[in-house]
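Input: a single structure, listed below in structure tokens.
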Amino acid sequence: MKRTHRCGELRAANVDQAVNIMGWVHRRRDHGGLIFIDLRDRTGLVQVVVDPQHAPAAHAVANEARAEFVLAVRGRVLMREAGRDNPNLATGQVEVHADEIELLNPARPLPFEVNRDVDVDESVRLKYRYLDLRRDRLKRNILVRHRIVKTMRDYLDAHDFTEIETPNLIKSTPEGARDYLVPSRIHPGEFYALPQSPQQMKQLLMVAGLDRYYQLARCFRDEDLRAERQPEFTQLDIEMSFADESDVMELVEGLYTRIAEECSERTLLFKPFQRLPYEEAIRRFGSDKPDMRFGVELVDLSEDVLGTQFNAFASVLASGGQVKAIVAPGWAALSRKETDALIEQAKQFGAKGLVTLGVGDDGETVHGGAAKFLTPDEVKRIIARSQARPSDMLLIVADQPATVADVLGRLRLDVGRRCGLIDDSKLAFVWVTGFPLLEWLPDEGRWHAMHNPFSAPVVMEVEALKAEPGSIGARQYDLACNGYEVGGGSVRIHKAEVQKAVFELLGLSEDEIREQFGHMLEAFEYGAPPHAGIATGLERTVMLMVDEPNIREVMAFPKNQAAMDLLMQAPSPVSPKQLDELHLQLKPD
RNA sequence: GGGCCCGUGGUGUAGCGGCCUAACAUGCCAGCCUGUCACGCUGGAGACCGGGGGUUCGAAUCCCCUCGGGCCCGCCA
């Protein structure tokens, strides 16, 4: 039997057609005489009717069939009689009357039911991923992922981009995340690294004159996992020559607008996308990837408590810190226990403490541990500044600016979530621009590239760069949405001497520069065009489009939080012979 | 490296010191049923409560250790 149609595509237009369909028994309803089978394939379900009078042999097969048996059905599409249709099914107006059923393969009872959407233990889902993928949720996500990828390719192709693959066995570099290493058999004691991103290769493609490049690039980072992080993931990697930030941002904005409109049920909150300078993002939202779907902005109270007797504030202000707050609507009624949990949370985020002030019903007085240290005037100013309303709670952090922003930024997300301020049907894309080029690492006493060492500084003069490295901006742009970082890119450095100066600022010695990045510097000397690019996370894009909170829900075969593949059981030990060939010896312990 | 949460028939839950010889739903098995669509009805099998140790007259229930899973901090852009 040869398949002629897909289950989910049969409609009234197919009535009277002879069809051969194949798929899985999604559900079987045995009426003693008639048997109904909902047959499922990738495209959906259709009801098969098996009548013992009409087709006794087919009925005998249907009688033995169980959930997830694989069947081939030869039959005729018939219109369902009035009242017998099923509006919940795309194919619900018709049904297939079976003439013949062939059992292609039976199935043992499954470890979990795939015909309903119940929570199943993650380890069971991952071990039987091929079954989980039969369920609607994952199947839908994988199909949407495909449509997003297709949209990316179509869009970029239409914009004259060339898809180019770059190698996965490359050179390890010290910057950034921990590398996955691959031992070399041919070169004892030496290793390849798997790419964290194809950054250098794509810039070299620009030097090569390939002009407009993109790739759906597999990237690898050996770091601990999170809900939105896997060791192996996919980036949409883009680079274009003779372009600046506006070219890249317009291109990507057009793409993501199209993706959102064609592949998501969520709608764009900002069209065009919001734009926010980095400094403002930090000041107002305490994050460089702010969730713009709700307010609860940070309020600076430093001026209002200037000269306060309250030591927690006074001492911080004296040492150049600031006092900022967010307003949690209705939280004045929080229990002591809940308030303590907030304080604990704030400390975990790096604050020395958290001052919580509940606003009284009068809208003028506050209660809470620190209330007694504040004068009525100070309270008045704080309430006026923050616009706190009766029964709201002020969450106040006094610390150095970076800590204040970070802690309040995270608490803000909690407040937004717990207070139901977030509209899940929206996508709030925002471009964050104007990042600093460098970031000072006090622990290591050196500068660190905020994005990557190839981002162009706003100032291209080497002297100016070296004079005031900390205050120089990068020509960088990040795309954030709903509190996730979707991607980031920059105009690149294309002049060898500027690139060299940045490496030097980052504390690399002449030798290190030559050894690690000599090929880049040399390439820039052979006619490198100005260029700019970006990389966005495919999985995060899909997560946003299908409103999933976890990256595993948008990957076919993800790893668990301990970076293990529970289906294939990787990683696993290898044979002594394999180790030997690779010139490796395991450390005892 | 650290913090928090979860772990009961195949799956999802209830039970949280004696009423548990562990309940419910679903799945599974058998029987009945010719228009259902989460079909229905009847009957049945199936967990000793992740594992180990302890407290107690008595533990699924309390404590400790351990294993497995998740979320977070660090890490990562």
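Letters A, B, ... mirror the listed sequences (proteins, then strands); counts begin at 1.
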query: Which value, in whole Å, describes the distance between the C1' atoms of nucleotides B:G1 and B:C76?
result: 16 Å
query: Between A:Arg226 and B:A77, does any side-chain N or O lie under 4.0 Å from OP1 or OP2?
result: no
task: Check whether any side-chain nitrogen or oxygen of A:Arg29 sits under 4.0 Å from OP1 or OP2 of B:U36, and answer yes or no.
output: no
- prompt: Using a cut-off of less than 4.0 Å, is there contact between a side-chain N or O of A:Gln561 and OP1 or OP2 of B:C71?
  reply: yes
message: From C-beta outward on A:Arg66, which listed nucleotide comes closest to its side chain: B:U36, B:G12, B:A30?
response: B:A30
- request: Tell me whether A:His31 is stacked on the nucleobase of B:U36, counting only the six-membered base ring and applying the 5.5 Å and 30° thresholds.
  value: no
- line: The salt bridge (Lys or Arg N to Asp or Glu O under 4.0 Å) partner of A:Glu68 among A:Arg40, A:Arg135, A:Arg108 is A:Arg40
field: 4.5 Å side-chain heavy-atom contact, A:Met520 and A:Gln203
entry: yes
message: Side chain of A:Arg552, heavy atoms from C-beta onward: which of B:A38, B:G70, B:C75 has the nearest atom to it?
response: B:G70
task: Using the C1' atom on both, measure B:U34 against B:G46 and round to a whole Å.
output: 33 Å
Please set out all donor-acceptor pairs under 3.5 angstrom arising from side-chain atoms of residues 400-411 of chain A, sequence neighbours excluded.
unit_1	atom_1	unit_2	atom_2	d
A:Gln400	NE2	A:Ser319	O	3.3
A:Asp406	OD1	A:Arg410	NE	3.2
A:Asp406	OD2	A:Arg410	NE	3.4

task: Could you tell me whether the phosphate oxygens of B:G35, OP1 or OP2, come under 4.0 Å of any side-chain nitrogen or oxygen in A:Asn86?
output: no
